[in-house]
Amino acid sequence: MSTIFALSSGTLPSAIAVFRVSGPQSLPILRQLSRRKVWTPKMMEFTKLYDSQRRIIDESMAVYFPGPKTFTGEDTAEFFLHGSQAVAQKFATCLSEIENVREAKRGEFTRRAFHNGKMSISEVRGLDRLIRSRTEKERRAAFGQMRGGTRAVELRKKLVEILSKLFVIIDFGEHVALELSDAQKDVAEILAEINRLILAWEGAERAQRGLEIVLYGRPNSGKSSILNQLAHDDVAIVSEIPGTTRDSLVTTIQINGIRCRLTDTAGIRPHTNDVIEAEGIRRAQRRLESADVICFVVDPESRSDDVANILEDVKKLKNPESKVLIVKNKADLKLPYPEVSSSGIHVVSSHATSSEGCQKLRETLGSLVDQLCPETNFLLDAELLRKCSDELTCSMLCQDAAIMCQHIEKGLEHIAELTQGTVTESVLDGIFSQFCIGK
Ligand SMILES: Nc1nc2c(ncn2[C@@H]2O[C@H](COP(=O)(O)OP(=O)(O)O)[C@@H](O)[C@H]2O)c(=O)[nH]1
Ligand SMILES: [Mg+2]
């Protein structure tokens with residue numbers, strides 16, 4: 001087994017460059033480079049480091065952790081050097097010159113931790129999510145995924161209990177009080193939990209990619225003014241001349257810890273001969289397809305048949321999971337709005353020429369964002385959960401205990417993949433190729 005090393009602390013120059021070493025050579029490397037024999041485990045010490053010609057490389061802090069109680073499960077050492085490019089380069093060269101020592105590949109430390117039984121696959125994926133997290137919500141989701149493995153273990157236990165009940169029914173059917181409907185009730189409970197976990201996963205994925213919020217509506221309804229208020233900035237040009245915004249304009253804001261790309265679009269008019277305006281409208285419509293939240297802005301001057309037509313288009317073009325919010329803007333004018341049939345659609349008033357006038361809109365967007373990205377304590381891979389959910393749904397439809405068992409056993413295989421077991425090397429390659437070097 002080779003010993004691996006990597007610069008784990010990121011881009012240089014920096015205050016400190018942390019090198020991590022893992023493998024059987026860790027202690028010999030520490031001794032050789034420091035020219036000191038005795039290293040007390042887990043004790044950080046100051047030392048000079050030397051190359052093979054006894055020339056100084058740097059002064060550093062260093063520590064040795066004996067396996068198996070380490071991150072990788074192997075002997076490890078860490079070096080805290082001055083964070084310059086030249087120091088890191090020289091140190092890496094000296095390490096590479098030692099026999100059986102080489103630079104680590106992406107995620108190789110974590111891969112070793114996984115192979116040494118230090119981490120479950122959920123923890124590995126959660127750690128990846130943690131390193132990539134940019135917002136508070138993403139950070140919490142990452143810990144949810146690291147904990148997800150424990151939830152998978154519980155699910156597996158419950159499914160095994162159901163199986164044993166079914167085996168009793170198969171073997172002693174006539175002599176026991178157990179009925180198939182008991183087992184079906186238990187399966188239904190687990191299915192409900194799995195479906196909740198799937199929704200949680202989808203929400204976390206949305207949170208990670210960021211949400212798309214699109215402002216849509218007729219010219220002059222106040223879309224650009226709303227964008228500026230929400231962004232606390234003069235991002236878009238606002239004017240009383242209809243058709244000022246001719247192309248989509250995107251800015252990024254955070255709502256409840258989620259990154260949201262807010263898009264202002266060209267005003268929608270039913271008929272136009274202007275080629276540029278028509279292209280702007282086409283682009284606006286395309287934005288609807290990928291939107292998570294569509295804010296349809298209406299104002300007192302909007303005509304009710306135009307509003308109905310635009311709303312029809314929105315419903316046709318939007319994706320099924322996205323939310324529509326009707327924003328009744330220019331509320332300060334205290335004029336009546338056209339009739340809008342808004343059953344099942346959220347409605348909020350706003351006054352986009354003042355910041356306070358958009359407070360209710362901010363709050364409503366906040367609650368829609370929370371619905372799309374629900375808070376969650378556990379995260380498990382939805383693809384495997386869906387496969388398990390399909391099997392359990394089939395099992396519910398069975399009137400035969402033996403066939404029901406077969407479906408539950410298949411479902412269990414997918415859950416087992418979430419906990420440990422059957423993770424293939426190619427799956428691991430896929431995961432670790434996304435990792436940082438030094439992790
Ligand atoms: N009174 C009032 N005027 C507004 C409000 N929102 C926007 N406006 C005005 O309406 C005009 C059109 O606004 P704009 O944001 O450019 O609309 P857009 O074409 O939908 O982007 C501008 O003169 C704004 O100052 C509002 O809430 N109340
Ligand atoms: Mg505009």
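We count ligands from 1, going down the list as the structure has it; atoms in each ligand are counted the same way. Note that this is a predicted model, so its numbers are computed, not measured. All heavy atoms count here, side chains included; hydrogens, waters and symmetry mates do not.
Of all protein heavy atoms, the one lying nearest to atom 25 (O) of ligand 1 is V238 CG1, 3.8 Å. At the shortest separation from atom 1 (N) of ligand 1 among protein heavy atoms lies D332 OD2, 2.9 Å. Regarding atom 17 (O) of ligand 1, its nearest protein heavy-atom neighbour is G222 N, 3.1 Å. Counting only heavy atoms of the protein, atom 19 (O) of ligand 1 lies nearest to N220 N, 2.8 Å. Remark: minimum distance from atom 6 (N) of ligand 1 to any protein heavy atom is reached at N329 ND2, 3.1 Å.
The Mg ion (ligand 2) has no N, O or S atom of N220 inside 2.8 Å of it.
Side-chain contact between E301 and N220: absent, with no pair of heavy atoms (C-beta onward) separated by less than 4.5 Å. Looking at heavy atoms from C-beta onward, I190 lies in side-chain contact with I162 at the 4.5 angstrom threshold.
The pair K165-D182 does not count as a salt bridge, with every side-chain nitrogen at least 4.0 angstrom from each carboxylate oxygen. Under 4.0 Å is where a charged nitrogen must lie from a carboxylate oxygen, and between E205 and R129 at least one such pair does. Looking at E154 and R151, a side-chain N of the basic residue comes within less than 4.0 Å of a carboxylate O on the acidic one, giving a salt bridge.
Close N/O approach between P219 and ligand 1 is not found [any backbone or side-chain N/O within under 3.5 Å]. For ligand 1, none of its N or O atoms has an N or O atom of S350 under 3.5 Å away.
Only side-chain heavy atoms of L333 come within less than 4.0 Å of ligand 1; its backbone N, CA, C and O stay farther off.
Among the candidates R209, K323, K318, the single residue satisfying the salt bridge (Lys or Arg N to Asp or Glu O under 4.0 Å) test with D292 is R209.
A donor-acceptor pair is defined here as one N or O able to donate and one able to accept, closer than 3.5 Å; no such pair exists between the side chain of E391 and the backbone of I408.
Using a 4.0 Å cutoff on heavy atoms, S221 counts as a contact of ligand 1.
Atoms of ligand 1 lying under 4.0 Å from any heavy atom of S224, numbered from 1 in the order shown and given with element: 15 (O), 18 (P), 21 (O).
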